[in-house]
There are 2 protein chains.
Amino acid sequence: MNTEKRINKQKELIETIGRQSEQEGMQPVAGRIMALLMVMDKEQFTFDEIVEELNISKSSASTALKILQLKDMVEYETHPGDRKRYFHIKVQEPFYLFERVKNSMIEKNKMMKSIIKLKADPESKNVLFFKDLIRITDLFLENYEKMKENFFKNQ
Amino acid sequence: MNTEKRINKQKELIETIGRQSEQEGMQPVAGRIMALLMVMDKEQFTFDEIVEELNISKSSASTALKILQLKDMVEYETHPGDRKRYFHIKVQEPFYLFERVKNSMIEKNKMMKSIIKLKADPESKNVLFFKDLIRITDLFLENYEKMKENFFKNQ
DNA sequence: TTTTTGGTTCGTTAATTCCCGAACTAAATA
DNA sequence: TATTTAGTTCGGGAATTAACGAACCAAAAA
């Protein structure tokens with residue numbers, strides 16, 4: 001595949017990833033920025049390059065970048081004698097991908113326990129169902145921690 | 001705790017769960033309905049009871065219930081000689097809780113592989129980061145399947 | 001000192017989502 | 001046959017969100 005073709009494919013991928021991010025609740029512009037920083041060969045973009053490349057206004061870029069930094073998904077560097085910010089995706093400890101999931105499972109687990117506590121009939125359909133779910137989320141969390149531990153041991 | 005107090009707590013919990021569901025992208029009314037069906041002692045509600053209990057319009061109840069049924073979260077039964085529908089939460093195979101997560105991991109995994117394929121420099125920062133993430137998601141998926149298998153074996 | 005650069009903030013507009021009431025339908029009852 | 005019951009569908013208004021342009025600011029350059 002020649003360079004031109006490859007770059008076209010990269011731009012298509014930005015659209016795909018953008019739409020995917022929207023579906024996961026991210027706002028359109030923020031999704032496009034993430035995608036841009038992830039797929040292109042150049043992995044550092046200045047503010048103006050982002051504005052230009054995605055055809056968005058400076059204000060949208062500014063707010064979206066602020067959000068992405070708050071979410072710890074993007075960061076920037078500056079170079080002495082150069083006022084520009086060089087934005088790039090934030091390289092994180094890879095398990096961060098699952099921490100959201102983990103926390104959501106912990107939340108659900110707690111919630112189901114509170115429901116059970118307040119039920120009149122400790123053998124109701126819902127109670128039995130929630131007990132099942134509690135067992136399974138506990139198992140999941142336990143397994144997850146083991147996996148993590150193992151991973152770091154074998155490093 | 002006496003019954004009245006307990007029921008008050010249940011109603012509070014409906015609010016909490018409702019807000020939690022909203023944060024996970026569910027629409028407010030749908031979240032309240034789910035919460036109602038989950039926490040109250042009565043675990044089957046007719047359409048009119050839902051409307052009454054949550055103080056919502058029939059039309060909102062109708063659309064929200066349609067969505068919840070489409071998402072496989074709620075179902076109803078009817079009894080011969082009674083035109084009412086008795087709505088309740090759908091009891092599912094408990095691993096359904098993780099299937100969304102699993103699918104989202106598979107998607108991310110694929111996406112990162114497509115990004116890598118299109119990069120000019122196979123040693124770039126992003127590429128190395130994504131390779132790490134691919135390893136970790138693979139490990140996660142593998143582990144998850146094992147956990148599931150084990151679970152059913154020990155049943 | 002004035003101008004340019006690299007952004008941020010604010011107010012407005014456009015688009016979307018959410019929910020409601022009113023009209024409607026289909027089945028059961030009177 | 002007329003009325004009631006148990007919902008559904010449709011159109012519109014309110015609230016929320018997304019993105020924009022214009023005005024602004026602080027630091028550097030001219």
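Protein chains get the first letters and strands the later ones, always in sequence-line order, with residue 1 at the start of each. Side chains included, hydrogens not; waters and symmetry mates left out as well; all remaining heavy atoms used.
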Q) CZ of B:F45 versus P of D:dG7: gap in Å, rounded? A) 14 Å
Q: Check the distance between C:dA27's C1' and B:H79's NE2 and give it to me in whole angstrom.
A: 18 Å
Q) Between D:dA19 atom C1' and A:I50 atom CD1, what is the distance in whole Å? A) 16 Å
Q. CD of B:E52: more than 12 outside heavy atoms within 6.0 angstrom?
A. no
Q) What string of B, S and - do you get for nucleotides 2-8 of chain C, 5' to 3', when a contact is any protein heavy atom under 4.0 Å? A) ---BSBB
Q | Protein-nucleotide distance (B:Y86, atom OH; D:dG7, atom C1'), rounded to Å | A | 14 Å
Q: Please check if the side chain of B:N103 supplies one atom and the backbone of B:E99 the other of a donor-acceptor pair under 3.5 Å.
A: yes
(Q) Side-chain N or O of A:S60 versus OP1/OP2 of D:dA19: is the shortest distance under 4.0 Å? (A) no
Q. Looking at B:K148 and B:E93, does any basic side-chain N land under 4.0 Å from a carboxylate oxygen?
A. no
Q) Rounded to the Å, how far apart are A:Q23 CD and C:dT17 P? A) 12 Å
Q. Using 30° and 60° as the class limits, which term best fits the ring planes of A:Y144 and B:F140: parallel, tilted or perpendicular?
A. perpendicular
Q. Within this structure, what is the CG-to-P distance between A:L68 and D:dA18, rounded to whole angstrom?
A. 13 Å
Q | Charged N-O contact under 4.0 Å between B:R85 and B:E75 | A | no
Q.
Tell me whether the count of non-hydrogen atoms from other residues, nucleotides or ligands lying under 6.0 Å of CD in B:E107 goes above 12.
A. yes
Q. Taking CG from B:L54 and C1' from C:dC18, how many angstroms apart are they, rounded to a whole number?
A. 15 Å
Q. Think B:Q27 has a side-chain N or O under 4.0 angstrom from the OP1 or OP2 of C:dC19?
A. yes
